[in-house]
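Let me begin by presenting the structure, written as structure tokens, before commenting on it.
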Amino acid sequence: MRVALFITCVNDTLFPGTGKAVVSLLRRLGCDVDFPAAQTCCGQMHVNTGYREEGVRLARHFTEVFAGYDAVVAPSGSCAAMVREQYPKLARPGSKGAAAIAEVVPKVYELSEFLLDVLKVDDVGAYFPHRVTYHPTCHSLRGLHLGDRPTRLLRNVRGLELVPLPGAEECCGFGGTFAVKNPAVSAAMGADKTRNILDTGAEVLCAADNSCLMHIGGTLSRQKTGVRTMHLAEILASTEENQ
Amino acid sequence: MSATFLGMPGNFPKNAAKAVQDSQLRYNLRKATHTIRGKRANVVGELPDWQELRAAGKAIKDHTLRNLDRYLVQLEAAVTRAGGTVHWARDAAEANAIVAGLVKATGETEVVKVKSMATQEIELNQALAAQGITAYETDLAELIVQLGDDFPSHILVPAIHRNRSEIREIFLEKMPKVPPNLTDDPPALAEAARLHLRERFLKSKVAISGANFMIAETGTLVVLESEGNGRMCLTLPETLISVVGIEKLLPSWRDLEVFLQLLPRSSTGERMNPYTSMWTGAVEGQDFHLVLLDNGRTDVLADEVGRQALRCIRCSACLNVCPVYERAGGHAYGSVYPGPIGAILTPQLRGMSSDLDASLPYASSLCGACYEVCPVAIDIPEVLVDLRAKAPHAAAERAGMKVAGWILNDHQRLARAQRAASRLRGLVPKRLPGPMSAWTDTRDIPEIPEESFRDWWERNERA
């Protein structure tokens, strides 16, 4: 199986550790992974902010880069949801673009989907002896309908104590450019989310989206709470040897 | 006279920033929306076929909207046959002139009103006042809003932003015969309102209503309500004028079955609403007029993506789950339609030429909770994104997004930008200037890594 990694522009630029974790995790599970160097961004920021033309250009680039792979794995619920939910709406029906999208889109998986649905693994052999709470992130939850996939994986991590997050299904307030266009509401939502996280007594907040974690983590850090944020891939990549 | 939304200054982010500071408001909103949210989830959970009902609601509405011209003519014929008079209003001015003319013809200077967001939308009360006619709201929450010289802030609970001690003060100040020892106990407040309204109903000869649904085949209008005030308004006065948006149509009596299940469950979290009133044409001794309101609706209908907003049955489920509405409150949306549905409906009905209306499509984090609960499956995030593509953009933002698009469209440019950011990482201040200060006011920025993923991959894999 030719597995292509779509690391996403935010991870590539700001959170390379997540990409490295995906590489080591998938190799540990026997996958032959490739990082197509020409990849850039799924176009979500442009489309969702109202710059459709730029977004369409980036979507076209994405379909060119990832054509020909058996599976494309992205460590981001949000970017995977962009490709799966929004790409089909970007091209004219019957056009060349629509055909390219129809070809690539069904092969795009968020990491936990790929692990459970394609590799059929729910115990990835990870070890992470910490108290963790999981925030499902809106696009993972309501866009991709990941359901309990991420928490099933976390429950099988040795040493990990998973504690439920109150109000887990509520948006953290990041929302891409929403965070800067509506800063007051975004900050208020972030404050409520961090309060819920602190109530769990968890040491680590985990999610499948670094952009949401950047917002929540930035709030936790500004409040000097000491709670760490970690991407799902990083926890799943942890083993006794690399602790 | 309740206040008017027209010409409301500011924009959503500014209005919301003020509302967020009001801890009482945030407490009231959180408590109310979470209570209704829970009730709704319970009664929806009881129905094993909720998703089928939802799909049926969507299909019926879509079919009606596709054939709206035909069904509207059918409705007009049926209402006329039943002794009513149908009036067509292209916009707010036409509708207001028709209603004012009808009231004047009766010789009355006071009217009672119930259940009509459409008349709020067209600012009917203000237009009537200009003609020397006083309109009295009779829905309890609308009454509180009107007496408080305030704006409605929720579709179902227009006074959701008020707590009971505020309501007590409004009643003491504005209701002529209210006892001075009135407490803020809900039954006492309700009793005061009841006595106040009872007198109005018995005195009034003209009533103005809206409608939840209109049935094309029979010409029947339907109102669902909780307090019984609607029924008083609909039956007691000699002249009844109903102002209804043209999208409120259903083809047949049978279709109502679906919506009588969808609406109460989605709005009040009840299996059935306490009062369902239906009337067809004019009853004996009563004069009935139906004003069919367009006011931008046919333009919305012409928009392939945006037209789904016309499926809305005004249940307010989307408001009650919206994290943005919960913090910003209804007034921030500057329209009688607040919350997620308002964010897509208002800019479509009014256009996006004002700052406020242009900011509404951005009044969402696109979390999708609204779409999930919508009983007629309006994909609100999809319409928001589509409207954002049509909204005016500030020149600086446009330039920034163009540059970002240019960099992101080529991996070598992206890699160069990443390396430049990495070299400058020591120089990034904790508090950023310009628009990015919106981020650093409340959050720390992530550290820029020494090496991007792609450079790491290149170094390790290609070496």
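Proteins get letters first, then strands, A, B, ... in listed order; numbering begins at 1 in each.
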> Considering residues at least two apart in sequence or located in another chain, which fulfil the side chain to side chain donor-acceptor pair (under 3.5 Å) criterion with B:S364?
Replying inline: none
> Rounded to the nearest 0.5 Å, what separation is found between the OH atom of B:Y362 and the CG atom of A:N48?
Replying inline: 10.0 Å
> What part of B:D441 is in contact with chain A, defined as an atom under 4.5 angstrom from a non-hydrogen atom: side chain, backbone, both or neither?
Replying inline: backbone
>> Let's go through B:K402 and A:Y51 carefully: what are the C-alpha distance in whole Å and the side-chain angles of both, what is the deciding distance for side-chain contact (heavy atoms from CB on, under 4.5 Å) to 0.1 Å, and is it a yes or a no?
In response: CA-CA 9 Å; B:K402 269 220 145 62; A:Y51 296 83; over 6 Å; no
>> Test your reading of the model: is there a side-chain donor-acceptor pair from A:R222 to the backbone of B:R443, 3.5 Å cut-off?
In response: yes
> Do B:R37 and A:E169 meet the salt-bridge criterion of a basic N to acidic O distance under 4.0 Å?
Replying inline: no
> Can you check whether B:V20 reaches A:V185 side chain to side chain, under 4.5 Å on heavy atoms?
Replying inline: yes
> Looking at CD of A:E53 and CE of B:M401, how far apart are the two atoms once the value is rounded to the nearest 0.5 Å?
Replying inline: 12.5 Å
> Which heavy-atom pair separates B:S452 from A:P16 by the least distance, and what is that distance?
Replying inline: C-CB, 4.0 Å
>> Please enumerate all residues that pass side chain to side chain donor-acceptor pair (under 3.5 Å) together with B:Q21, with sequence neighbours excluded.
In response: none
>> Under a 4.5 Å cutoff for heavy-atom pairs, which residue among B:R413, B:K430, B:E397 has the most contacts with chain A?
In response: B:E397
>> Please find the pair of heavy atoms, one from B:G405 and one from A:E54, that lie closest to each other, and give the distance.
In response: CA-CG, 4.5 Å
> Pick from A:T137, A:I216, A:D192, A:T177: which one has the most heavy-atom pairs with chain B under 4.5 Å?
Replying inline: A:D192
> Considering residues, nucleotides and ligands other than A:D32, do more than 12 of their heavy atoms fall under 6.0 Å from its CG?
Replying inline: no
> When heavy-atom pairs shorter than 4.5 Å are enumerated against chain A, which of B:A369, B:P381, B:A16 gives the highest number?
Replying inline: B:A369
>> Is it the case that over 12 heavy atoms from other parts of the model lie below 6.0 angstrom from the NZ atom of B:K14?
In response: no
>> Just verifying a value: how many Å separate A:F35 CZ and B:E458 CD, rounded to the nearest 0.5 Å?
In response: 9.5 Å
>> Which heavy atom of A:G19 sits nearest to which heavy atom of B:F453, and what is that distance?
In response: C-CE1, 3.2 Å
> Of the backbone (N, CA, C, O) and the side chain (C-beta and beyond), which part of B:P435 lies under 4.5 Å from a heavy atom of chain A, both, or neither?
Replying inline: backbone
>> For the interface with chain B, which of A:G217, A:G173, A:G17, A:S186 has the highest count of heavy-atom pairs at distances below 4.5 Å?
In response: A:S186
> Between A:G50, A:P183, A:A179, which residue shows the highest count of heavy-atom pairs closer than 4.5 Å to chain B?
Replying inline: A:G50
>> As an exercise: rank B:I448, B:N409, B:V385, B:L366 by heavy-atom pairs under 4.5 Å with chain A and give me the winner.
In response: B:N409
>> Looking at every heavy atom in both A:M214 and B:P446, which two are closest together, and how far apart are they?
In response: SD-CG, 3.5 Å
> Between A:E85, A:R57, A:Q86, A:Q223, which shows the greatest number of heavy-atom pairs under 4.5 Å with chain B?
Replying inline: A:R57
> B:A17 versus chain A, heavy atoms under 4.5 Å apart: side chain, backbone, both or neither?
Replying inline: both
>> So, taking the atom named CZ in A:R142 and the one named OH in B:Y371, what distance separates them when rounded to the nearest 0.5 Å?
In response: 13.0 Å
> Relative to chain B, which segment of A:T18 carries a heavy atom at a distance below 4.5 Å: side chain, backbone, both, or neither?
Replying inline: neither
>> Can you confirm whether B:E451 is buried at CD, in the sense that more than 12 heavy atoms of other residues, nucleotides or ligands lie under 6.0 Å from that atom?
In response: yes
>> I need the residue from B:L408, B:D386, B:L384 with the largest number of non-hydrogen atom pairs under 4.5 Å to chain A.
In response: B:L408
> B:W439 vs A:F174 aromatic rings, parallel, tilted or perpendicular, using cut-offs 30° and 60°?
Replying inline: perpendicular
>> Run the side chain to side chain donor-acceptor pair (under 3.5 Å) test against A:Q39 and tell me which residues pass, sequence neighbours left out.
In response: none
>> To the closest 0.5 Å, what do you measure between CZ (B:R327) and CG (A:N182)?
In response: 13.0 Å
> In terms of heavy-atom pairs under 4.5 Å, which option from B:H393, B:R388, B:E372 contacts chain A the most?
Replying inline: B:H393
>> Measuring from atom CD1 of A:I7 to atom CH2 of B:W457, what distance do you get when rounded to the nearest 0.5 angstrom?
In response: 8.5 Å
> Hey, are the side chains of A:V23 and B:N460 touching, using non-hydrogen atoms and a 4.5 Å cut-off?
Replying inline: no
>> At a 4.5 Å cut-off on heavy atoms, which part of A:T49 comes close to chain B: side chain, backbone, both, or neither?
In response: both
> Which bit of B:D410 is near chain A, if near means a heavy-atom gap under 4.5 Å: side chain, backbone, both or neither?
Replying inline: backbone
> Between B:P13, B:C367, B:A389, which residue shows the highest count of heavy-atom pairs closer than 4.5 Å to chain A?
Replying inline: B:C367
> Do any of residues 417-425 of chain B come closer than 4.5 Å to chain A, heavy atom to heavy atom, and if so which ones, in number order?
Replying inline: B:Q418
>> If I measure from the heavy atoms of chain B, does A:V65 come under 4.5 Å with its side chain, its backbone, both, or neither?
In response: neither
>> Quick check on A:H61 against chain B: is it the side chain, the backbone, both or neither that has a heavy atom closer than 4.5 Å?
In response: side chain
